[in-house]
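To keep things clear, I will list the structure first and then write my remarks on it.
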There are 2 protein chains.
Amino acid sequence: MNKLEKNKNVKEIKLEAEYPLPRSLFLNIDRSGPIPLYHQVASRIEAAIADGSVPAGARIDNEIALGERLGLSRPTIRRAIQDLVDKGILVRRRGIGTQVVRGGVTRKLELTSLYEDLSSAKRAPSTKVLAHAQTTADELVATSLGVPVGSPVLHIRRLRLAGGVPLAVLDNYLPSEFIDIKRADLEQFGLYQVLSSRGVDIRIAKQRIGARTATLEESKKLGIDRKSAVLTMERVAFDNKGHVVEFGQHAYRPDLYSFEVTLVGK
Amino acid sequence: MNKLEKNKNVKEIKLEAEYPLPRSLFLNIDRSGPIPLYHQVASRIEAAIADGSVPAGARIDNEIALGERLGLSRPTIRRAIQDLVDKGILVRRRGIGTQVVRGGVTRKLELTSLYEDLSSAKRAPSTKVLAHAQTTADELVATSLGVPVGSPVLHIRRLRLAGGVPLAVLDNYLPSEFIDIKRADLEQFGLYQVLSSRGVDIRIAKQRIGARTATLEESKKLGIDRKSAVLTMERVAFDNKGHVVEFGQHAYRPDLYSFEVTLVGK
DNA sequence: TAGTGGTCTAGACCACTTG
DNA sequence: AAGTGGTCTAGACCACTAC
């Protein structure tokens, strides 16, 4: 039985079938539009993998052949493939080729269902502003924002809901240039939408994810038992100028929220 | 006061000083060794930023000038810079230039201290194997590993300690080809070391981070109060062939452990 | 207008894997 | 020996920003 199982595996490993990419990949490449060629290629390959046209484990065309068939140069093809490697969809081995990672789709849907159902995707998200006031930066806020201790900052505390169910308590601190952000705007739009409308382009977010026991207020606001667990996230966000834009401390209901991360080696 | 503060900020924004890269950057480039040129360049720029030679907010040389001064082509320089952008160290704007992100170092040290002190970096890590047995895959394990329900798998449960202090309870499931991994190896080496010694090159890890109340066993093993919070991580790891290598369910002491993630937009 | 990064090309040579 | 991805070059044109 054990041996049989092993042979099965070996067989599976061997059948790294070379797989012809679907014809749809090679049509309607737009050379004049604003979408980069490498992005068009990457999107098509990704879509072909997502809809099953290219099965998991399949070996796709090599870079040069693909470039010739598409009428594109090798660096362009290479960039498209690299983007998918960085997404964890493809793996490359020198001397071997490029393969589709196994089990990309099914498992994700399995594990994500609860969160997806309750999150912004399906149920209407809404926000209640619990606090909105100018204050002065304590040491943690000051070092996080890169401003002197005692500097004026805007503090906001919001309750995020999805479909009427409370999801998270969000504390955020913003440097003085954003002190005029209106409470009404935050009720209607997300913080990042408000910032975006002011011309702020957020590019980098450094996050620390942890857990702790809920405070009394958090448990009340989130509708969970006193002293039960919350999932926490601390974040410092930077714009495209390299400036700190925001420092946040968030507490999520752990039964309704989790974080997904895909790490790619080397 | 408010107005004064604003002026201060405007001034800071303006002083995006062009900053000459230190001379050390331009010495001893090794063209014959195994380390790619772009990596040598990226490492030097990163080091110059880390040690303060290039201050936060500084604008560094443009790609072409840097290439000429280093005797390297533009694509090589570009790749080096892009790697640092992807790390969240630099930001680029078309028509403007490339700048060092502000507040990269200090804040990280502030927030990381507790975890760093107790983690593998400073205190000796050790592992105690709590369980080690062949079993059959239930539905979650089966879908995660991509094997049929009921397939033989290796289940291991370990207690990870740092300096004698329990950090985490680690449950891992491995497909049948790894069923012969020895308990003794796991006591002495990490799981990934054991796999590496068998020629497995792990390339991708898809992780989900959450929180929940500790089980009774976890609270005992981790030395925390019953019903207090644990930080959880579920992971599926893939090798360079795109095969699933391992499925893990981990529970961490949240006062001693957290996850850091840096997200880079677009 | 000048300077910057973003994209794309058409080659070249190399290291590694398989047969 | 043949095929693959990994690296590197020397250009080119474009879009965007600042002055």
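Throughout, a chain's letter reflects where its sequence line sits, starting with A, and its residues are numbered from 1.
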*Heavy atoms under 4.0 Å, any strand shown: does L72(A) hit a base, just sugar-phosphate, or nothing?*
sugar-phosphate
*asked:* Is T76(B) close enough to dT9(D) that one of its side-chain N or O atoms is under 4.0 Å from OP1 or OP2 there?
replied: yes
_Given dT4(C), dT17(C), dG6(C), the nucleotide with the shortest approach to the side chain of I96(A)_ = dT17(C)
_Spacing between R59(B) atom CZ and dT17(D) atom P, to the nearest angstrom_ = 15 Å
*Residue whose closest nucleotide on DNA chain D lies nearer the 5' end, G97(A) versus I77(B)*: G97(A)
*asked:* Within this structure, what is the CD1-CG distance for the pair I202(B) and N240(B), rounded to the nearest 0.5 Å?
replied: 10.0 Å
*asked:* Testing the basics here: between K182(B) and H132(B), what is the closest heavy-atom pair and its distance to 0.1 Å?
replied: C-NE2, 3.9 Å
*asked:* What contact category does R79(B) fall into here, base, sugar-phosphate, or nothing, at under 4.0 angstrom with non-hydrogen atoms?
replied: sugar-phosphate
*Do P152(B) and I179(B) come within less than 4.5 Å of each other through their side chains, counting heavy atoms only?*
yes
*From the options dA10(C), dC8(C), dG6(D), select the nucleotide whose nearest atom is closest to the side chain of R94(A).*
dG6(D)
*Reckon R92(B) has a side-chain N or O less than 4.0 Å from the OP1 or OP2 of dG6(C)?*
yes
*Atom pair distance, as rounded to whole Å: CD in Q40(B) and P in dT7(D)*: 12 Å
*Hey, does the side chain of Y38(B) come within less than 4.0 Å of dT7(D)'s phosphate (OP1/OP2), counting only N and O?*
yes
*What is the distance from CG of D201(B) to P of dC16(C), rounded to the nearest Å?*
14 Å
*Counting side-chain heavy atoms from C-beta on, which of dC8(D), dT9(C), dG6(D) comes nearest to P36(B)?*
dC8(D)
*Could you give the CG-to-C1' distance, from L66(A) to dC8(C), as a whole number of Å?*
16 Å
*Please determine if a side-chain N or O atom of R78(A) lies less than 4.0 Å away from the OP1 or OP2 oxygen of dC8(D).*
no
*asked:* Below the 4.0 Å mark, does dG3(C) have OP1 or OP2 next to a side-chain nitrogen or oxygen of N62(B)?
replied: no
_Modelled atom types, side-chain donor and acceptor of Y38(B) and Q82(B), under 3.5 Å_ = no
*With heavy atoms under 4.0 Å as the rule, sort L37(B) into base, sugar-phosphate or nothing.*
sugar-phosphate
*How long is the gap from CD1 on I29(A) to CZ on R44(A), to the nearest 0.5 Å?*
4.0 Å
*Can you measure from CZ (F238(B)) to OG1 (T262(A)) and round to the nearest 0.5 angstrom?*
8.5 Å
*Where the side chain of P75(B) is defined as all heavy atoms beyond and including C-beta, which of dT9(D), dT9(C), dG5(C) is the nearest nucleotide?*
dT9(D)
_Applying a 4.0 Å non-hydrogen cut-off, can you work out what I64(A) is touching in the nucleic acid: base, sugar-phosphate, or nothing?_
nothing
*Looking only at side-chain N and O atoms, does T98(B) come under 4.0 Å of OP1 or OP2 in dT4(C)?*
no
*Roughly how many Å is it from CD in E68(B) to P in dT4(C), rounded to a whole number?*
11 Å
*Confirm from the modelled atom types if R74(A) and dG6(D) form a donor-acceptor pair under 3.5 Å, side chain to base only.*
yes
